[in-house]
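For the numbers below, each heavy atom of this structure counts, side chains included, while hydrogens, waters and symmetry mates do not. The sequence lines fix the lettering, A, B, ..., with proteins before strands; numbering per chain opens at 1.
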Amino acid sequence: MTIVFWILAALTVAGGLAAVTLRNTVHCALAVTAAFAGLALLFLQLDAQFAGFAQILVYIGAVAILVVFAILLTRGSETAEHGVFSRTWLAGLVIAAAVFAVLGWAVLRSADTLSPEAAAPAVAVKDIGNALVTRYVLPLEIVALLLTAAMVGAVIVAMHEKGDTK
Amino acid sequence: MLGEGILKGLAETAKNFAGSFVDKERLTTVEYPEQKLELPEASRNFPFLVYDGPEWQAGLRCVACQICEKECPPKCIYIEKSKDKKPDFVGKLQIYPAKFDIDISVCMSCQICVEVCPFDAIKMDKEYELSTDDRFGGLLLDRQQLAKSNEYYHKIHPTEASEVDGRLAEEKAKAEAKAKAAAAAPPKPAAPAPAAAATPASAAPKAAPAAGSTKTEVPPPAPPKEGEAR
Amino acid sequence: MTPLAGYLLVAALVFAIGLAGALTRRNAILVLIGIELMLNAANLNLIAFWRYGAHPEALTGMMFAVFSIAVAAAEAAVGLGLVISIYRHLRTADLDKMNRMKG
Amino acid sequence: MINTLDQIFVLLKHWIVGLLPGSLGAFVGILLSVAAIVAVFPGLFALTTVLERKGLGRMQNRIGPNRTGPYGILQPVADGIKSLTKEDIVPVSADAAVHFLAPLVLVVVVFMGFSVLPMGRNMQLVDMDAGLLFFFAIGASTELSIFMAGWSSRNKYSLLGAMRAVAQMISYEVPLLMSSVAVVMITGSLSLVKIVEAQNQYTWGLPHWYIFTPWGCAAFVMFAIAATAETNRSPFDLPEGESELVAGYFTEYSGFKFALFFLGEYLGMFSMSGLGTTLFLGGWSAPLAVLNSVPSWIWFFSKVMLSICVLIWLRGTLPRLRQDQLMNFAWKFVLPMTLLNLFVAALWRFMGDGLLRWIVCSAILLGAYVVVGRTEMRRKQYGPRSYRYAE
C-alpha cells in the first residue's frame, strides 16, 4: 500500500464521482477520462504494462473521443430542462450503495485469506503475444470477428438512411 | 502516375530555395526601410497643398474657395477662410485658407479634390510612411503639414507638374498682357482697373474665366458660387 | 490491509459509482459512461487477481482484461451509434422520454 | 576517446549520480534526464521556427526574418518575449478550467512521448518493453486536449477546428499504427531500443535500415504521410486552416497559452520525426559502417532535423487538402496500402534470404500502387482537377 496507490485511487474515484454527478455532459466525459487514466496508472502499478497502455490507447484515445463526439452530435452539452437525474434516482442510489456495501463487506471479510504481497511477475510483451496466438487464439479470433461485426453494426446504425435528408 | 505532381512541386520549390542564393530573379525582395522601391509616377495616396517660392505661407496657391471641401465624398477636408488677403502668383490679392485640415484616416484617395481645384493648388502625394502613435490628432494633417513646394511636386509627378506649370505660366502671361494692355490704354478703363485691384467681388470672377478657359473639366460657374456665402 | 484488498476496494467503489451513474442519470450517453466505469472496475479486479494470484505467468487475468478492453471498445461504438440513431428519431437523448416501443 | 564522446552525456549523468547518496542519486538521475529532454527539445523548437520561416521564405522568393540578430537567428527570442508579455485573454463565456487545462495537458502529454525514444546509444529515459505501444497510447491522448481547447473556447471556429483535428487524427492514427506494426512484425519487439539495435548491423558497410527494404520503404512513406496528418502539418493543416478557421482550435488563446500550443505542435513534430527515425531510419546508427566513430546522438539529431526539413519543404510546396479528400485519402488509399504492406512484411519474414523475396515483395507493392493510383487518377479523385465554369 504505497502512497502512489492512494493518490491514483483518489484520482480514479474522484474522476468517477465527477463523471456521475456533474451537470455539464462534456465535463462528465472529461472527468471520466481522468478516471480512465487513473485506472490505467493503477494497471501500471500492478505491473500490467501492456494492459495499462492498451487501456490508455482504447479508452482515452478512442472511447473518450467517441463519447465526446456523441455528446456534441446529440446536443448533450446543452443544459437539461428537467434536471440531470432521472425520476428514480433515489432507488438507483440505494441499489448502488447496497452493491458497494456487499462488495466491500466481502472484500474486507476475505482480505485475510487472500495471498499477501507477491513478487512482481516478469511478463514481457512477447509472452503476451505468444499466449495470444497459442493458448488464446480462439478468443482472439472471436474478438476480431466481434470487433468487425461491431464496426459494421455501428456504421449501419449510425448511418443516414437513403433518402433521409436530415 | 499518382504522386508525380507532388514530386514536380517539390522540385520547383527546391529550385526556388537553392536559386534564391545565387539568382537575383528568384529573390526580388527589397530591404524596405533602407532600400525603397521607386513608385510608379501615377501612384497616389493622399492630397497635399502646393506652394510656389521659398515661403510656404506666402506661396500657397489655395484661395480657400472651398470647392474641394464641398466635393469631397467622405468629407475629410476642413477649410476656414482668412479675414485678410494676400497676393497670389499673378500678384492679385486673394483670400487664403486660415485653416486647411485633411483627415487622412477618413480620406479615400479618390482624387476628386484635385480634379475640381481650379487653381491647381491641391495635388496627390506619394508619401506612404504616415503611421503615427496618435490615431486622432496624428492623422489630421494641418495646413503646414500639407504644404509642399512646387519642386517637391515636380519631383514626384514630373510630367504632370510641368504641364501644370506651363498652364500657370500661360495664365500669368495672359494676365500680364492684360495688365499691360490695361496700362497701354488708360483713358477708358480707368475706373475698372482700380476696382479690380481693390474689391474682391470683382477680382474673383475675373480670375475664374481665366482658369476656366484652360481647364475644360472644371465647370465655369463654380467660382461665382464661391462668392455667395453658404 | 493487503495490497490486493486495497485494489479490490477501489474496484468495488468504482463499480458502485458506475452503477449509480448508470441508474440515476437521464442522459443515455452518461448511462453508457457509467457502464464503461463498471467494466473498468471489473478489469481492475481481473488485473489485481492476476498480479496477486497463484499463477501470474499463466496470464489468465491479464488476457481476460485485454479481451474485455477490446469488447468494451466494440460496446462503446455500438452503444453510441444506437444513441445517435435514437437521437435522430426522437430528437432527445433523455432516457425518461424514451418510453415508447414504437420509434 | 571515441567511445567517451559517444557516451559523454551518459557518463556525465552517472558521474553526477555517483556524487549523491543512494535513493537521492536515483531521483536526481531521473530529474537530470527529464531536464535534458525539457531543455533540448524546446531549444530545437526555437531553432526550427527560425529555420522554417527562413526556408519557407526562400521557397517563396523572399528572405524571411533577418532583423533580430545576425541573419535573424534571435527571432525566436523576440517571439518568446512577445508571447510572454502579451495579455492572457480568456473569453467571458469560455469554460475557464478546461480552457486553462487544455494547453497544459497537450504539452505534458507530448513531452511524455520523448521518454521512450532512444536518442543515442544508451540514451533513453526508460527502456520500456512496450515502448512503441506507450508512444501511441500517449499520442492518442493529445486528441482529447485539442478537443478540450476547441470546446472550452465557446467559439464556432475553435469547435470546428477541434472537430476537424480530432476526426483527422483518429483517421490517420490507424495507418500510422499499421505501418509501424510492420516493423514490429519483423523485429519481433515493441521496444524501440531493440528496434534500433536490429537495424544497427552492416553488410558491405551498408546499414540494415528498414527503409532499404521494399516493405520498409512503403511503410516509411505511409508513416510519413500519417505522421504529417497526425501533427496537423501542411498539407494536412485543415484544423488550423487560417483562411477559413482563423487559427482553428487555438483561436481563443493568446500570450503564453498560445505559445504552449505552438510548442506542442512542434514537439509533436519532433517526436513523430524521432519515431520515424527510430523505426525506419536506423535511429542513432550511422549511415555507413565507416562513420560509426561519430557519436550516435549526432546521427539521431541530424536525422530528426533532416526529416523536419523535409516537412518544411512539403509545407512550402503542397496546397491544403479539402476535408473529403483528406478522409478519402486516409481510408481508401493509405489504410488499404498499409494492410497490404503488413502482408508483404509477413512474406518478407518467411521467404528467407535471397533475391527472390526482394523481387516478389517489390512487385506486389509496386503493382498495387500502380493499379490503385491508375484507378484513382481515372476517377479524378486525386488527379488533375477540372473546373466546370473556369473554361
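For A/F69, no part lies near chain C; criterion is any non-hydrogen pair under 4.5 Å. Only the side chain of A/A35 comes within contact range of chain C, with heavy atoms under 4.5 Å apart. For chain C, the nearby parts of A/V13 are the backbone and the side chain; heavy atoms of each come within less than 4.5 Å. In this structure, chain C has heavy atoms under 4.5 Å from both the backbone and the side chain of A/V67. Looking at C/V78, the atoms closer than 4.5 Å to chain A (heavy atoms on both sides) sit in the backbone and in the side chain alike. With a 4.5 angstrom heavy-atom cutoff, C/L13 touches chain A via backbone and side-chain atoms both.
Within the model, atoms CG of C/L59 and CZ of A/F50 stand 10.5 Å from one another, a figure rounded to the nearest 0.5 Å. Remark: A/L42 CG to C/N43 CG distance equals 12.0 Å, nearest 0.5 Å. Taken to the nearest 0.5 Å, the CG atom of A/L73 stands 8.5 Å off from the CD1 atom of C/I29.
Heavy-atom pairs under 4.5 Å with chain C peak, among A/A154, A/P139, A/A19, at A/P139. Across A/L8, A/L140, A/V94, the residue that shares the most heavy-atom pairs under 4.5 angstrom with chain C is A/L140.
The aromatic rings of C/Y7 and A/F5 sit perpendicular to each other, their planes meeting at more than 60°, with 30° as the lower class boundary.
The shortest distance between side-chain heavy atoms of C/I17 and A/F100 does not fall below 4.5 Å. Residues C/E36 and A/V63 are in side-chain contact: their nearest non-hydrogen atoms beyond the backbone lie under 4.5 Å apart.
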